[in-house]
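Notes for the one structure printed next.
All residue numbers refer to positions in the sequence shown, counting from 1. Every number for a ligand or one of its atoms is a count from 1 in the order of the listing.
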Amino acid sequence: MAVPAMTATDGTLVRSTTVAPAAVAPATDPTVLPVAITGLGAYLPARTVDNDELSRTLDTSDAWIRTRTGIATRHVAAPEEATSDLALAAARAALADAGVDAADLRAIVVATCTPDHLLPATGPLVAAGLGVEVPAFDLNAACSGFVYGLRVAGALAATADGPVLLIGAEALTRIVDAGDRGTAILFGDGAAAVVLTAHAGAGLGPFDLGSDGSDPSMLWAAATGTRSPATPARLAAGEQYLTMRGGDVYRHAVTRMTASATAVLSAAGVTIDDVDLFVGHQANARILAGVAERLGLPAGRSHVTIDRHGNTSAASVPLALVDARDTGRLGPGDRVLVAAFGAGLTWGSTLLTWEGRRRE
Ligand code: UT7
């Protein structure tokens with residue numbers, strides 16, 4: 001498959017034409033990690049922006065946004081808040097929920113595509129905020145980051161003599177063009193964290209993770225890295241902002257999330273009727289409904305938070321897990337099917353069980 005050449009606004013070639021190897025579909029990863037989720041915590045910035053507020057500066061409307069996306073409002077980080085601040089607050093909440101002291105952590109993984117900086121990573125900043133010097137790093141699989149993170153942080157936890165913290169944290173409103181109605185209405189900021197602990201009787205998995213990087217411009221922030229560095233000309237052209245071919249992404253999202261979730265159920269030897277709750281990446285209520293319908297999910301078993309959170313990328317699945325717990329939809333021992341999809345393209349699904357206590 002030929003990878004197309006792309007030209008930046010200043011005329012330079014940003015990706016040369018190359019011949020990519022033939023795509024090979026990933027095999028489902030049968031691994032079931034002996035790891036329990038023993039704590040959940042979230043942080044949402046105080047400020048909310050509803051559709052009417054956006055409609056004052058954009059050529060859009062509350063009716064269009066609700067009908068096409070399901071979003072009513074979203075949280076927006078304060079000017080002084082960066083992703084590590086959101087992540088740290090979520091981390092503290094999850095540790096308190098699990099009854100774990102930060103000093104007992106063995107590693108911290110931050111799933112994010114909106115880090116504080118290109119370097120250093122956000123993980124060490126969070127570790128410093130918690131007052132620990134454990135291994136800490138970022139994982140970028142865009143909106144699939146939390147599900148990828150469950151595989152990576154889960155594997156760390158499975159062999160550690162203490163808990164591992166996985167955080168999904170994003171400040172996406174910092175990388176969207178506030179004047180682009182195609183993206184500015186979609187995204188929100190927030191963070192949520194889980195404490196992962198080795199536990200012989202627990203099961204995290206199997207996993208279905210995959211990627212297709214043959215068309216990165218479908219959903220990207222072009223001038224944010226080494227391919228096309230953020231020169232003054234590119235910044236003036238707005239190439240540092242996230243852009244998306246929404247319709248194409250939409251179709252891939254429904255297809256990939258459905259196939260990935262189905263592969264996990266098959267690998268686990270269970271059916272959709274064995275799933276207590278489905279928590280999909282919150283990108284669009286219509287995408288979630290389409291996936292639920294294709295999976296044959298019984299009514300009322302998909303947890304939806306996009307109405308209040310918008311799309312928070314790697315934070316969306318753990319934020320929805322916390323919301324489900326806090327609203328009584330997720331109880332101890334419930335089997336949860338999670339599925340995500342995002343830039344890359346990346347996708348991922350797994351089965352998890354929350355072992356903690358139900359919030360009164
Ligand atoms: O998190 C990673 C994964 N992300 C996703 O999965 C996002 C996937 N994509 C989507 O959710 C949807 O494609 C969008 C919500 C982004 C767009 O919805 P759509 O139903 O695909 O709309 P569209 O892009 O086909 O646009 C339909 C019309 C167009 O006008 P014309 O050409 O029909 O006259 C757009 O210009 O709606 C117009 N439009 C808007 N109108 C009012 C686009 N954005 C807006 C807006 N307000 N905000």
**Item:** Whichever hydrophobic residues join Leu165 through chains of side-chain contacts under 4.5 Å
**Value:** Leu88, Leu95, Val100, Leu105, Ile108, Val110, Val126, Leu130, Val132, Val134, Ile167, Val195

**Prompt:** Using links of under 4.5 Å between side-chain heavy atoms of ILVMFWY residues, direct or through other members, which residues join Leu319 in one cluster?
**Reply:** Leu44

**Item:** Short side-chain donor-acceptor distance under 3.5 Å, Thr197 and Thr38
**Value:** yes

**Message:** Is it the case that the side chains of Thr112 and Asp138 hold a donor-acceptor pair, with the cut-off being a distance below 3.5 Å and no angle test?
**Reply:** no

**NZ/NE/NH1/NH2 to OD/OE distance under 4.0 Å, Arg329 and Asp334** = no

One line per pair, note the atom names and distance for all nitrogen or oxygen contacts under 3.5 Å between ligand 1 and the protein.
{"residue": "ligand 1", "atom": "1 (O)", "partner": "His281", "partner atom": "NE2", "Å": "2.9"}
{"residue": "ligand 1", "atom": "1 (O)", "partner": "Asn311", "partner atom": "ND2", "Å": "2.6"}
{"residue": "ligand 1", "atom": "9 (N)", "partner": "Gly246", "partner atom": "O", "Å": "3.1"}
{"residue": "ligand 1", "atom": "11 (O)", "partner": "Asn284", "partner atom": "ND2", "Å": "2.7"}
{"residue": "ligand 1", "atom": "13 (O)", "partner": "Gly246", "partner atom": "O", "Å": "3.1"}
{"residue": "ligand 1", "atom": "20 (O)", "partner": "Arg68", "partner atom": "NH1", "Å": "2.7"}
{"residue": "ligand 1", "atom": "20 (O)", "partner": "Arg286", "partner atom": "NH1", "Å": "3.3"}
{"residue": "ligand 1", "atom": "22 (O)", "partner": "Arg68", "partner atom": "NH1", "Å": "3.3"}
{"residue": "ligand 1", "atom": "36 (O)", "partner": "Arg181", "partner atom": "NH2", "Å": "2.9"}
{"residue": "ligand 1", "atom": "37 (O)", "partner": "Trp64", "partner atom": "NE1", "Å": "3.4"}
{"residue": "ligand 1", "atom": "41 (N)", "partner": "Trp64", "partner atom": "NE1", "Å": "3.3"}
{"residue": "ligand 1", "atom": "41 (N)", "partner": "Arg181", "partner atom": "NH1", "Å": "3.4"}
{"residue": "ligand 1", "atom": "47 (N)", "partner": "Thr60", "partner atom": "OG1", "Å": "2.6"}
{"residue": "ligand 1", "atom": "48 (N)", "partner": "Thr60", "partner atom": "OG1", "Å": "3.1"}
{"residue": "ligand 1", "atom": "48 (N)", "partner": "Arg181", "partner atom": "O", "Å": "3.1"}

**Request:** Could I get the full list of salt bridge (charged side-chain N to carboxylate O under 4.0 Å, His left out) partners for Asp85, not counting sequence neighbours?
**Result:** none

